[in-house]
Chemist: 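Below is one structure. I have some questions about it.
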Amino acid sequence: MSSSDDTVSRDAQTRRNALAHYDILDTPQEAAFDDLVKVASLALGMPVSLIVLVEADRQWFKAAIGFDGPEPPLAASICAHTVRQRDLFVVPDTTRDPRTADNPLVTAAPFVRFYAGMPLVTAEGVAIGSLCVLDTRPRTLDAEQAFVLTTLARQVMTQLELRRALKERRARERRNAAILESAVDYGILATDLDGRVTSWNVGAARILGWSEAEVLGEPADCIFVPEDRASDTPAREMRTAREMGRANDERWHLRKDGSRFWAMGEMMPLKGEGGAHEGYVKILRDRTAQRRADEALRQQTALLQTVTDHLSEAVFRLSADDTITFANPAAAAMLGWPEGGLIGRNLHETAHHHHADGRPFPREDCPVVRALEAGTAMRHRETVFFRRDGTPIDVVTSNAPIIEDGAVGGAVLTVIDVTERKADGARLRRSEERLALALNAAGMIGTWDWDLATDTVYADANFARIYAVDEDRAARGAPLGDYVRNFHPDDLPAFQAELDRMLAGAGTDGDDFACEYRIRQADGSHRWLLARGRLVRDGDGTPLRLPGASIDITERKRAEERQSALVELGDRLRDLQDPVAIAFTAAEIAGRTLGLARAAYGAIDSSQEYLDIGRDWSRPGVAGRAGRYRFSDYGTYLRDLQVGRDVVIPDVTKDPRTAGHTDVFRNLGVRSMINIPLMERGRMVAVFCLQDDRVRAWTPDLVDFARNIVDRTRVALARLRAEEAQELLNRELSHRMKNLLAMVQSIATQTMRSAADVDTAKEVLAGRLIALGQAHDLLMGGALGSTLIGPVVRGALKLHEDRPGRFRLEGPDLEIGAKPALSLALMLHELATNAAKYGALSREAGHVAIRWSVENADDADHLTFSWQEIGGPTVTPPARKGFGSRFIERGLAGQVGGTIALAYPSTGVTCGITAPLAAFQADG
């Protein structure tokens with residue numbers, strides 16, 4: 001595509017995008033626009049006036065007067081020239097302007113002779129159409145008329161901008177209303193300047209208990225507790241919001257039923273379009289549970305401090321450089337330091353600097369230091385610490401990183417003296433495993449608690465939604481069967497086996513549960529889950545509960561499936577030698593892996609309008625659709641394919657390229673599709689078609705997978721073609737070499753047999769072999785098959801052309817076969833050698849006329865070739881024929897048949913050849 005084509009394409013896309021903002025195309029008639037074209041027609045005295053909008057592939061009349069019938073195609077649009085202007089475009093006589101002279105609107109009815117159009121330009125500077133007037137006779141516009149047309153065009157844009165503004169305002173209002181109504185966890189209310197309620201969203205009704213109807217026009221201070229109303233808190237809050245632009249509070253509020261709740265609130269002044277202060281908006285969020293949780297956390301923290309102070313385990317908090325910032329009393333006692341004596345010291349230097357045998361312990365080898373620098377957890381690492389007095393103690397250390405603002409700020413390290421208490425290691429491992437489970441829960445999709453005695457599962461809302469179980473029912477406890485019914489049947493045995501294995505344990509690591517399985521979704525697809533849990537037993541070891549969390553691993557599993565599919569494709573394509581089998585294998589693997597209804601690899605016919613599918617793959621129960629398909633029957637996306645763009649359509653009923661052909665797709669059972677073109681030398685040669693009978697969100701990774709399939713299939717087909725071409729080339733080379741060697745042997749034998757001495761033989765043989773080599777070079781340039789007769793003749797005579805005009809050639813370009821070409825070249829070399837020694841080429845004024853033509857005789861084409869020497873000495877017929885003469889008469893005749901006549905008239909030697917054209921063109 002040229003740069004000008006690129007510019008036109010970009011302009012068309014820019015215009016399409018601009019038109020989309022106005023939502024004007026294909027809308028009903030509107031009086032405002034009809035009046036403008038009527039005014040233009042009357043004011044300018046024109047029979048035709050139009051408001052024309054120009055899209056990428058059509059023009060559409062928003063308003064028209066004096067023009068009957070449908071809009072002409074874009075190729076016949078004069079307004080398409082107008083949108084490329086930035087000022088008034090006037091054609092006084094369309095028959096004299098090269099841009100319009102051949103336009104069907106000019107050469108045929110309605111026979112337009114005059115055109116004037118003003119571009120309709122958006123505020124962003126994009127011309128989307130024109131206001132134009134037309135007449136059937138040549139005319140001009142004066143300055144006043146031009147002003148009228150320009151002014152009316154601006155009025156058209158004013159109407160369009162007004163329409164756009166109203167559309168955007170309605171959209172904003174709907175969006176704002178939707179936001180307010182969807183914010184069910186936030187109470188949002190608005191008041192006037194006196195604090196009376198003017199708006200009350202669903203969240204406010206849910207949190208506070210009053211409906212909007214109950215509070216409209218009432219004072220908003222009803223939501224404040226009596227002591228805050230008595231201290232004038234509502235008025236202070238409005239004053240702060242008015243003066244500071246925002247007022248934040250966190251306090252107790254009052255519900256309709258008199259109950260109190262702790263809420264975080266924010267009040268802001270509400271301003272109108274002109275910036276005038278009209279009232280206030282207040283946003284409340286119920287934070288009662290959070291407050292209670294914070295209070296519980298404070299109590300728990302205090303308890304934790306108390307517990308930490310009384311733990312027998314040592315607890316350290318370390319900064320990022322391994323400095324101790326906290327050490328509980330047990331830590332100081334374990335290492336023999338006074339309480340508080342470890343703070344500010346480097347842990348490695350203080351307690352871990354030497355091996356048990358006294359050798360230095362490099363800092364980079366310290367597991368605590370490595371875990372701290374890497375920001376990773378370290379579990380139950382056995383090592384040796386040293387007390388202040390140098391006494392070594394065996395310890396088990398565990399480390400948990402502290403993440404602050406996304407970075408590792410330090411770690412919490414617990415140390416257990418296991419010199420005498422090795423048994424405590426098991427408890428520490430269990431504790432650390434629970435900690436790891438809690439940390440991993442950041443990526444979980446749901447939690448559950450399975451009561452094994454009653455087979456009741458208590459689950460959170462996320463977990464319930466995945467299994468299509470009512471959320472309230474799940475929170476109260478739903479039977480296990482409600483969840484199991486959505487399992488993929490192939491995964492139930494593995495789930496049961498993992499459960500049996502865990503239940504058979506005896507309170508050891510066997511109490512951990514981990515299983516991957518699939519859950520059926522409402523749209524028929526499946527999601528992969530990884531469930532992890534830990535069995536809870538009573539005092540005698542009886543299993544009681546299995547709490548745990550599930551993580552969505554669908555994308556990982558699907559990525560693994562796609563990778564396995566690509567490996568399978570490579571393995572299977574490696575041994576295939578049939579293009580149809582290669583195409584079907586690619587379609588089968590793509591369709592099966594992506595869960596499609598149908599997949600096929602089709603070839604493009606020479607017209608680029610049809611797709612030929614020899615064999616397609618379809619899901620069981622879905623009919624195959626092999627055959628020929630015309631692209632135009634299924635939408636307008638052919639151009640995208642032809643320029644190498646993938647066509648990705650999630651829903652054929654909504655994509656503008658296919659929306660007009662939904663009946664055809666419904667009959668095929670297609671709702672979504674991907675078409676990926678295969679390009680060779682810039683031309684589409686095949687299309688990989690992926691189709692499904694449901695709406696699909698074709699994510700980039702799915703499209704990349706499909707492209708991978710296409711690329712590997714293309715490579716396999718190219719490999720097959722290359723192998724076939726190589727095999728053909730090898731056979732042809734072998735054939736040519738045998739022929740060439742036979743000819744060289746014949747030439748050498750005949751030359752030596754007829755030569756008078758060795759020097760003469762060497763000279764003659766060298767010339768003949770040079771002529772043979774030049775002819776063979778021509779054949780090699782033509783890929784060994786054939787060559788044109790003209791280059792063969794010129795190449796054979798090149799050695800003897802000592803000046804221009806020596807050889808005068810006349811004849812059409814014809815292809816001749818390889819062996820006839822070699823023989824013809826050798827024959828001409830012999831004739832030219834004799835002419836240079838004895839004939840026309842031995843004289844300065846001599847030359848040779850060479851002519852060839854094709855004539856029909858006996859219903860078959862014959863090639864007639866003649867050699868005539870002119871301007872040479874008087875010719876005397878030779879007393880006997882040498883090898884050259886015999887070669888001329890017999891060599892070529894043996895290849896092509898026909899007749900060869902060599903004559904010696906006194907005026908100059910002549911040679912004539914007549915043979916069937918088919919014999920000359922045969923590649924023997």
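Residues: numbered from 1 along the sequence shown.
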Chemist: Please examine the side chains of Trp450 and Asp455, heavy atoms only from C-beta on, and report whether any two atoms are closer than 4.5 Å.
Modeler: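 A side-chain contact under 4.5 Å exists here.
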Chemist: How far does CG of Leu596 sit from CG of Asp693, to the nearest 0.5 angstrom?
Modeler: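 Output value for this atom pair is 9.5 Å.
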Chemist: How far apart are the C-alpha atoms of Tyr517 and Ser550, what are their side-chain angles, what is the distance that settles it, and do they pass the side chain to side chain contact (heavy atoms under 4.5 Å, CB included) test?
Modeler: CA-CA 10 Å; Tyr517 55 92; Ser550 292; 4.1 Å; yes
Chemist: Using modelled atom types only, decide if a donor and an acceptor are shared between the side chain of Glu339 and the backbone of Pro329 within a distance under 3.5 Å.
Modeler: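 No, Glu339 side chain to Pro329 backbone: no donor-acceptor pair under 3.5 Å.
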Chemist: Tell me whether Ser672 contacts the main-chain N or O of Arg694 through its side chain, where contact means a donor paired with an acceptor under 3.5 Å.
Modeler: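 A pair under 3.5 Å: yes.
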Chemist: Donor-acceptor pair, Asn328 side chain versus Val315 backbone, under 3.5 Å?
Modeler: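 At least one qualifying donor-acceptor pair exists.
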Chemist: Report yes or no: does Thr288 contribute a side-chain atom to a donor-acceptor pair with the main-chain N or O of Trp262 at less than 3.5 Å?
Modeler: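 At least one qualifying donor-acceptor pair exists.
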Chemist: Do any N or O atoms from the side chain of Asp228 and from the backbone of Thr233 form a donor-acceptor pair under 3.5 angstrom?
Modeler: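 No; judged by distance alone, with no hydrogens or angles, the pair does not exist.
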Chemist: Ignoring hydrogens, what is the shortest heavy-atom contact between Asp692 and Gly595? Give both atom names and the distance.
Modeler: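 Heavy atoms of Asp692 and Gly595 come nearest at OD2-O, 3.5 Å.
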Chemist: Using side-chain heavy atoms (C-beta onward) and a distance below 4.5 Å, is Leu284 in contact with Tyr186?
Modeler: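 No, their side chains stay 4.5 Å or more apart.
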Chemist: Are the charged groups of Asp701 and Arg558 less than 4.0 angstrom apart, N to O?
Modeler: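 Salt bridge absent between Asp701 and Arg558.
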Chemist: For a ring-ring contact (aromatic ring centres under 6.0 Å, His included) check, start with the C-alpha distance between Phe513 and Phe495, then their side-chain angles and the critical distance, and finish with the verdict.
Modeler: CA-CA 10 Å; Phe513 177 87; Phe495 184 89; 5.5 Å; yes
Chemist: Are any of the side-chain heavy atoms of Ile403 and Val408 separated by less than 4.5 Å?
Modeler: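 The answer is yes; the side chains approach within 4.5 Å.
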Chemist: Where is the tightest heavy-atom contact between Val415 and Met334, given as atom of each residue plus distance?
Modeler: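 Shortest heavy-atom separation between Val415 and Met334 comes out as O-CE, 3.4 Å.
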Chemist: To the nearest 0.5 Å, what is the distance between CG (Asp552) and CZ (Arg527)?
Modeler: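 Taking CG in Asp552 and CZ in Arg527, the distance rounds to 4.0 Å.
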Chemist: So, Asp482 side chain and Asp470 main chain: donor-acceptor pair closer than 3.5 Å or not?
Modeler: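 No, because the side chain of Asp482 does not come within donor-acceptor range (under 3.5 Å) of the backbone of Asp470.
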Chemist: Please report the interatomic distance CG(Asp451) to OG1(Thr456), rounded to the nearest 0.5 Å.
Modeler: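 Separation between the atoms: 5.5 Å.
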Chemist: For Arg592 and Glu568: C-alpha separation, side-chain torsions, deciding distance, then whether salt bridge (Lys or Arg N to Asp or Glu O under 4.0 Å) applies.
Modeler: CA-CA 12 Å; Arg592 171 165 44 83; Glu568 178 190 356; 3.0 Å; yes
Chemist: Going by an N to O cut-off under 4.0 Å, is there a salt bridge joining Arg534 and Asp512?
Modeler: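 A salt bridge is present here (some side-chain N lies under 4.0 Å from a carboxylate O).
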Chemist: Between Leu335 and Phe386, what is the shortest heavy-atom contact and its length?
Modeler: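 Leu335 and Phe386 have their closest heavy atoms at CD2-O, 3.9 Å.
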Chemist: Do Arg229 and Asp221 meet the salt-bridge criterion of a basic N to acidic O distance under 4.0 Å?
Modeler: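 Salt bridge flag = no for Arg229 with Asp221.
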Chemist: Are side-chain heavy atoms of Phe705 and Glu561 found at a separation under 4.5 Å?
Modeler: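 Phe705 does not reach Glu561 side chain to side chain.
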Chemist: Look at atom CZ of Arg255 and say whether more than 12 heavy atoms of other residues, nucleotides or ligands are closer to it than 6.0 Å.
Modeler: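 Check passes, neighbour count above 12.
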Chemist: Would a distance-only check, ignoring hydrogens and angles, find a side-chain to backbone donor-acceptor pair under 3.5 Å from Arg532 to Gly548?
Modeler: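 No; judged by distance alone, with no hydrogens or angles, the pair does not exist.
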Chemist: Roughly how far apart are Leu569 CG and Ile709 CD1, rounded to 0.5 Å?
Modeler: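 Reported value, rounded in 0.5 Å steps: 4.5 Å.
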Chemist: State the OG1-CD1 distance between Thr325 and Ile402, to the nearest 0.5 angstrom.
Modeler: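 If I round to the nearest 0.5 Å, the distance is 7.0 Å.
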Chemist: Are any of the side-chain heavy atoms of Leu452 and Leu503 separated by less than 4.5 Å?
Modeler: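 A side-chain contact exists here, since the closest heavy-atom pair is under 4.5 Å.
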Chemist: Side-chain contact, heavy-atom cut-off 4.5 Å: Tyr467 with Val457?
Modeler: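 When only atoms from C-beta onward are counted, Val457 and Tyr467 do not touch, as no gap falls below 4.5 Å.
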Chemist: Distance check, rounded to the nearest 0.5 Å: Ile343 atom CD1 versus Trp337 atom CH2?
Modeler: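 Going from CD1 on Ile343 over to CH2 on Trp337, the span is 11.5 Å.
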Chemist: Nearest heavy-atom pair of Ala478 and Tyr483: which atoms, and what distance?
Modeler: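 Of all heavy-atom pairs spanning Ala478 and Tyr483, the closest is CB-CE1, 3.9 Å.
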Chemist: Apply side chain to side chain contact (heavy atoms under 4.5 Å, CB included) to residues Asp417 and Asp394 and explain how you reach the verdict.
Modeler: CA-CA 6 Å; Asp417 184 348; Asp394 293 323; 5.5 Å; no
Chemist: Please determine whether the number of non-hydrogen atoms from other residues, nucleotides or ligands lying under 6.0 Å from atom CD of Gln290 exceeds 12.
Modeler: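 More than 12 heavy atoms, drawn from other residues, nucleotides or ligands, come within 6.0 Å of this atom.
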Chemist: Would you confirm whether Arg520, through its side chain, and Arg485, through its main-chain N or O, come within 3.5 Å as a donor-acceptor pair?
Modeler: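 Yes; judged by distance alone, with no hydrogens or angles, the pair exists.
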Chemist: Does this structure show an ion pair linking Arg556 with Glu516, if we count only N-O contacts that are shorter than 4.0 Å?
Modeler: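 Here Arg556 pairs with Glu516 in a salt bridge, since their nearest N and O are under 4.0 Å apart.
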Chemist: Before giving the answer on salt bridge (Lys or Arg N to Asp or Glu O under 4.0 Å), spell out for Arg260 and Glu227 the whole-Å C-alpha distance, their side-chain angles and the decisive distance to 0.1 Å.
Modeler: CA-CA 12 Å; Arg260 297 187 177 207; Glu227 52 267 36; 2.7 Å; yes
Chemist: Let's go through Leu189 and Ile223 carefully: what are the C-alpha distance in whole Å and the side-chain angles of both, what is the deciding distance for side chain to side chain contact (heavy atoms under 4.5 Å, CB included) to 0.1 Å, and is it a yes or a no?
Modeler: CA-CA 11 Å; Leu189 58 108; Ile223 68 174; 4.3 Å; yes
Chemist: Would you name the heavy atoms of Pro493 and Pro489 that are closest together and state the gap between them?
Modeler: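 It is CD-O, 3.5 Å.
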Chemist: Verify side chain to side chain contact (heavy atoms under 4.5 Å, CB included) between Phe326 and Val412, making sure each step is shown before the conclusion.
Modeler: CA-CA 9 Å; Phe326 169 83; Val412 173; over 6 Å; no
Chemist: Do Asn248 and Met264 come within less than 4.5 Å of each other through their side chains, counting heavy atoms only?
Modeler: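 In short, these two side chains do not touch, never coming nearer than 4.5 Å.
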Chemist: Work out which heavy atom in Pro479 is nearest to a heavy atom in Arg473; give both atom names and the distance.
Modeler: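 Heavy atoms of Pro479 and Arg473 come nearest at CD-NH2, 3.3 Å.
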Chemist: Within the 4.5 Å heavy-atom criterion, are Leu546 and Trp448 side-chain neighbours or not?
Modeler: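 With C-beta onward as the side chain, the pair touches.
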Chemist: Please determine if Lys282 and Asp249 form a salt bridge, counting it only when a charged side-chain N lies under 4.0 Å from a carboxylate O.
Modeler: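 A salt bridge is present here (some side-chain N lies under 4.0 Å from a carboxylate O).
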Chemist: Given 3.5 Å as the limit, does a donor-acceptor pair link the side chain of Glu212 with the main chain of Trp200, or not?
Modeler: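 Checking the backbone N and O of Trp200 against the side chain of Glu212, a donor-acceptor pair under 3.5 Å is found.
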